[in-house]
Amino acid sequence: MNKLDSVRSSKKLVDQSRPMTGNEAIARGAWEAGVKVAAAYPGTPSTEILENMATYNADDVVAQWSTNEKVSVDTAIGASLSGVRALAAMKHVGLNVAADSVMSVTYIGVHAGLVIVVCDDPGLHSSQNEQDTRVFARLANIPVLEPADAQEALDFTRLAFDLSEFFDTPVIVRATTRLSHTRSSVSIGPRTEVEPKGWVDDYRKTVMIPGHARIRHPVVVERVEKLSDYFSASPLNRWDKGDRSYGIITHGTCYPYVKEVVPDASILKIAASYPLPEKLIQEFTATVDRVIVVEELEPVLEVEIRALGIPAEGKSLFPRVGELAPEVLREGLARAGLIEAATALHDWQVEPLARPPVLCAGCPHTTSYMALRAIDALVPGDIGCYTLAAVEPLQSIDVTVCMGASIGNAVGMAKANTSDRPIVATIGDSTFLHSGIPPLIDAVYNDANITVIILDNKITAMTGGQNHPGTGKTLRGEQTHEVDYEELCKSVGVKWIKTVDPYDTGELFQALREATEFRGVSVLISYRPCVLDPVKIKGPALVVKAATCTACQACMNLGCPAITWIDELFEDKHKVEINPVSCIGCSLCAQICPSDCIQPLAPLTETSVIS
Amino acid sequence: MDKLSVQETKSKKGGRAKKAKTQKAEMTKNVLIVGVGGQGVIMISKVLALLCQTQGYQVKQSEVHGMAKRGGGVFSHVRFGEEVWSPTIPMGEADVLIALEWAEGLRWLPHLKHDTGIFIADTQQIVPPFACRNRTAGAQTAYVKETPTEILEKVADGYALDAGGFAEELGNSRVANTILLGALSASLDFADEDWLNIIAKFVPKGSEKVNEQAFMKGRDWIIEVRENPEEMPREATQPEMPIPPAGDVDISLDIIDDWCKSCDICVRLCPERCLELNEQQIVRLKKPDACTGCRLCEWLCPDFAITVNRTPVNKKKEAA
Ligand SMILES: Cc1ncc(C[n+]2csc(CCOP(=O)(O)OP(=O)(O)O)c2C)c(N)n1
Ligand code: SF4
Ligand code: SF4
């Protein structure tokens with residue numbers, strides 16, 4: 001334990017303070033801890049952790065995008081067992097993808113420090129579910145550190161590596177959207193170089209066969225007990241002494257809300273939400289008359305504290321879904337009779353405008369969904385920008401489960417054989433590489449009659465434009481091998497493969513028709529780079545000739561945000577115009593306008609055509 | 001005028017007694033900055049956050065930008081004071097709400113302090129495609145209907161300006177955000193030079209001068225409006241979209257069965273999905289109620305088999 005403390009105190013050498021987001025601070029903490037290998041697959045809100053890692057010197061740390069979260073954890077495990085400190089970062093659902101590896105590495109333990117950063121998304125700001133990583137940690141018996149702000153994000157991440165080595169366990173650092181994307185002042189320290197230890201060389205510990213795992217399991221159980229004792233005594237916990245009529249037990253990102261609402265209360269902020277510091281909790285609860293647990297999402301702490309025989313209250317007062325906020329907390333505490341109810345909020349009587357995210361003007365995904373809607377296909381979709389085609393006006397996705405699910409779903413739909421509609425799975429390039437290849441092989445193997453559209457926009461767009469193996473560039477922007485989708489599909493036995501340009505609506509319609517008529521697995525690759533990343537594409541805008549516009553709304557059915565209504569009407573409907581700033585000149589609207597009234601402002605010359 | 005007395009907060013620092021803790025929440029200043037993806041909400045909040053930090057305050061700036069690039073709303077909470085806890089501004093507690101887009105400003109009104117909050121909004125309207133979705137005749141946009149005049153009556157201290165117009169007067173449409181920063185500065189007690197020093201760190205090299213002009217423009221405008229409330233309007237006017245006459249027409253389809261060659265084009269391209277081919281493979285109006293009379297089928301049919309009839313309702317009554 002001495003070792004743990006010494007590393008923390010060496011930190012004061014450089015004391016500079018600067019505003020950082022939680023994600024920047026996590027990257028900084030890892031760098032300071034001497035991390036050598038960091039890998040991740042992007043996912044909001046965790047993406048910037050690796051992007052920031054890559055701003056540090058390549059000699060200090062290898063920072064790379066993995067094809068998926070499991071690969072990132074496996075990479076980190078390999079590095080740790082090779083004796084260098086390693087980190088993997090992901091969003092909460094990424095942990096599901098990595099679960100198999102995580103469940104085994106908890107038995108194996110580590111050689112050099114192994115830290116897994118997981119960012120939860122309470123409130124579903126940009127995710128498909130609201131799962132709580134603290135629950136997963138219990139399954140995996142992995143300790144979870146819970147920073148409350150950017151400073152703690154740095155300190156805890158740094159400490160996590162020491163803990164990992166000391167207790168021979170992977171350590172999870174848990175953030176939430178709010179922590180990852182909140183900037184606050186952080187004092188930083190120098191990097192501590194950690195001497196590589198070399199290969200672990202202990203096959204009984206690192207080869208998980210039944211005989212070895214049987215030996216490791218009791219070690220894991222014992223480790224949890226030791227960690228609980230350690231966390232009970234840890235100076236990282238915070239006990240704010242105050243009014244004793246009630247006491248609040250909370251953690252990480254919930255703590256600032258508690259301080260905001262009841263700054264004078266007795267508060268125990270635990271540094272790790274797993275394993276619980278049981279002794280400390282007992283000590284704390286003995287000093288107060290009533291115990292309130294404040295936690296976002298699942299009643300994890302509450303249930304375990306009750307199991308200690310302490311009558312804790314929590315989810316009877318606060319919601320089990322959504323993000324915590326001062327007003328939510330205030331309401332719950334008022335309901336418990338602990339504070340006065342807040343005065344009712346003013347009713348402004350203004351109905352807010354619905355402004356859901358939309359595909360960009362000129363997004364290359366648009367035509368595929370327009371065509372799928374037209375042929376009335378049954379469409380299992382996947383996760384990416386194109387998921388936005390699930391709602392009006394394109395509204396052409398029938399099921400979206402999680403990343404990589406579309407092709408497997410399509411196989412099942414084909415085998416169920418309950419519909420005459422063509423079955424077309426749509427999957428983005430990054431998602432295809434992440435988890436679309438095994439199901440494609442499965443579809444060929446099981447001879448499913450389906451079509452797959454690979455929406456190749458040469459980027460991971462939804463998460464802000466990251467490279468992946470299909471872009472031929474690494475996280476640090478270096479040139480590398482670029483996956484050839486046609487070759488790949490051919491090699492797994494797909495017999496019908498074609499690449500089309502989605503800006504040519506005619507060609508795409510025709511190809512889609514042929515693909516769906518083919519019996520067996522057909523793969524259509526819709527190739528056209530994203531208009532936003534890696535470079536913003538802007539061509540000359542098109543204009544609508546109002547004189548001949550018949551307000552039919554055919555172009556509006558594309559959902560292009562550059563097209564809006566104007567004052568002028570035809571048969572009581574608004575004619576349209578194109579905003580020249582946001583139009584990128586893709587010409588999709590012109591291709592579908594039945595009265596030919598969308599035209600280039602000036603005749604296109606060779607130089608004005610988008611290349 | 002409702003200036004936020006930041007200085008005052010500072011001077012209290014020394015003599016603050018332990019039990020004054022509960023008032024701390026009031027001493028934290030809350031500025032909520034909202035807009036649409038790509039407008040520069042984050043840039044404005046970074047400027048403010050850095051300024052507050054250099055002035056010795058604790059600052060928290062929290063944003064959600066997952067969907068920002070896809071035209072969704074963006075918001076950023078900036079809180080500063082001696083000790084800031086929650087990263088988000090509680091409902092009804094924003095001291096200043098600054099909106100880069102009109103409808104976004106209205107969306108966040110519930111976060112503004114009702115009795116003292118300052119509301120500064122650009123009158124710019126970014127109409128999302130969703131607001132132009134109703135395909136029936138006589139439909140209006142779903143964009144907010146409240147005018148600047150109506151809203152300024154509701155808020156304690158409100159300003160609606162055409163920052164884009166001001167920026168164009170300065171010859172650079174990109175400085176609209178700096179104009180809004182200038183407007184914001186008139187409500188916070190920081191020196192102009194401090195603002196300008198920080199702004200210079202965030203704007204492209206060579207544009208410092210025009211950004212300084214923009215900053216002063218926004219600042220002076222608000223100060224002038226405050227000093228001469230009689231002469232200077234607090235709000236820019238916004239264009240209004242006319243309300244189309246209600247579409248009092250009956251819509252029917254004339255289909256010449258003999259001319260239909262079962263090509264399926266109309267069925268596939270009808271945006272309302274209200275056509276189908278019947279057993280004889282001839283087109284049929286399956287969902288008459290869903291038909292908006294857009295005439296797409298009429299125009300797209302290669303064999304002129306469909307005619308869309310729009311009969312004014314009262315005329316039809318007369319005929320009957
Ligand atoms: C397991 C998992 N990891 C990460 C994410 C975050 N995520 C959502 S969409 C997406 C990328 C999609 O990229 P791509 O398939 O190429 O589609 P694009 O957005 O480029 O259209 C990612 C990484 C997720 N939802 N689930
Ligand atoms: S970011 Fe790229 S892929 Fe996403 S909606 Fe915009 S153009 Fe389409
Ligand atoms: S050409 Fe048409 S569809 Fe393409 S971006 Fe411009 S307005 Fe949108």
Side-chain angles (χ1 to χ4, degrees), chain A residues 19 44-45 125-126 149 177-179 181-185 256-257 259-261 263-264 325-327 330 345-346 348 350-360 374-376 385 388 392-393 464 532 550-554 556-557 559-561 563-565 567 569 571-574 576 594-595, chain B residues 21-22 24-25 36 49-50 53 58-67 69-73 85-88 90-92 103-104 106-107 109-110 114 127-133 135 137-139 141-144 146 154 241-242 244-245 247 249 268-269 271 293-296 299-300 310:
Chain A
T44 316
H125 293 287
S126 45
D149 59 17
T177 303
R178 204 47 80 178
L179 170 60
H181 291 169
T182 294
R183 231 173 239 102
S184 59
S185 177
Y257 299 124
K259 288 300 277 187
E260 179 79 29
V261 175
D264 298 330
E327 49 272 27
R330 208 171 275 151
L345 281 172
H346 177 69
W348 293 85
V350 174
E351 194 56 43
L353 166 73
R355 195 191 295 278
V358 292
L359 292 174
C360 297
I375 67 164
D376 196 25
C385 282
L388 299 173
E392 277 284 348
L532 212 56
T550 57
C552 74
Q553 314 292 316
M556 293 303 289
N557 292 335
C560 173
I563 314 178
T564 40
W565 284 352
D567 298 359
L569 306 174
E571 290 187 339
D572 303 343
K573 281 184 282 194
H574 290 279
V576 303
S595 35
Chain B
K21 255 192 174 173
T22 30
K24 192 181 51 217
V36 179
L50 189 59
Q53 168 143 350
Q58 202 189 54
V59 191
K60 280 194 178 165
Q61 183 235 321
S62 175
E63 63 205 37
V64 165
H65 52 56
M67 298 293 180
K69 279 187 175 169
R70 253 63 59 191
W85 288 110
S86 168
T88 53
M91 299 268 271
E104 290 308 307
L106 305 203
R107 178 191 315 286
L109 277 176
H114 178 236
V127 182
F130 254 62
C132 309
R133 282 308 304 152
R135 289 174 288 226
T141 75
Y143 195 80
V144 294
E146 287 81 1
K154 292 182 187 233
M241 189 156 274
V249 287
R268 290 174 175 212
L269 291 174
C294 74
R295 292 192 195 276
L296 268 181
W299 290 319
L300 293 172
R310 300 166 48 90

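Only this structure's heavy atoms are used, side chains among them; waters, hydrogens and symmetry mates stay out. First the proteins, then the strands, lettered A, B, ... as listed; each starts at 1.
For A/Ile375, the parts sitting under 4.5 Å from any heavy atom of chain B are the backbone and the side chain alike. With a threshold of 4.5 angstrom between heavy atoms, B/Leu106 approaches chain A through its backbone and through its side chain. Residue contact with chain B, scored on non-hydrogen atoms closer than 4.5 Å, involves the backbone of A/Ala354 exclusively. In this structure, the portion of B/Phe130 lying under 4.5 Å from any heavy atom of chain A is its side chain and not its backbone. With a 4.5 Å cut-off on non-hydrogen atoms, B/Leu109 touches chain A through its backbone and its side chain both. Only the side chain of B/Arg295 has a heavy atom closer than 4.5 Å to any heavy atom of chain A.
Using a 4.5 Å cut-off on side-chain heavy atoms (C-beta onward), A/Val350 and B/Glu146 make contact.
Judged by distance alone, with hydrogens and angles left aside, the side-chain atoms of A/Glu327 form a donor-acceptor pair with the main-chain N or O of B/Met91 at under 3.5 Å. At least one donor-acceptor pair under 3.5 Å links the side chain of B/Arg310 to the backbone N or O of A/Glu571. Proximity of a side-chain donor or acceptor of B/Arg268 to a complementary backbone N or O of A/Asp376 within less than 3.5 Å is not detected.
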Next item on the list: Please test A/Lys573 against B/Cys294 for side chain to side chain contact (heavy atoms under 4.5 Å, CB included), starting from the C-alpha separation and ending with a verdict.
Entry: CA-CA 9 Å; A/Lys573 281 184 282 194; B/Cys294 74; 3.8 Å; yes
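Here A/Ser185 pairs with A/Ser17, B/Gln53 under the side chain to side chain contact (heavy atoms under 4.5 Å, CB included) rule; sequence neighbours left out. With sequence neighbours left out, B/Trp299 forms a ring-ring contact (aromatic ring centres under 6.0 Å, His included) with no residue at all.
In terms of heavy-atom pairs under 4.5 angstrom with chain A, the leader among B/Glu104, B/His114, B/Arg107, B/Lys60 is B/His114. For the options A/Pro326, A/Cys385, A/Ser184, A/Pro352, heavy-atom pairs under 4.5 Å to chain B are most numerous at A/Pro326. Among the candidates B/Pro110, B/Ala142, B/Ala131, the residue making the largest number of heavy-atom pairs closer than 4.5 Å to chain A is B/Pro110.
Between atom CG of residue B/Leu296 and atom OG of residue A/Ser595 there is a gap of 9.0 Å, rounded to the nearest 0.5 Å. A/Gln553 contributes atom CD, which lies 8.0 Å from atom CZ of B/Arg135 (distance to the nearest 0.5 angstrom).
With no hydrogens or angles considered, no side-chain donor-acceptor pair links A/Arg178 and B/Thr88 at under 3.5 Å.
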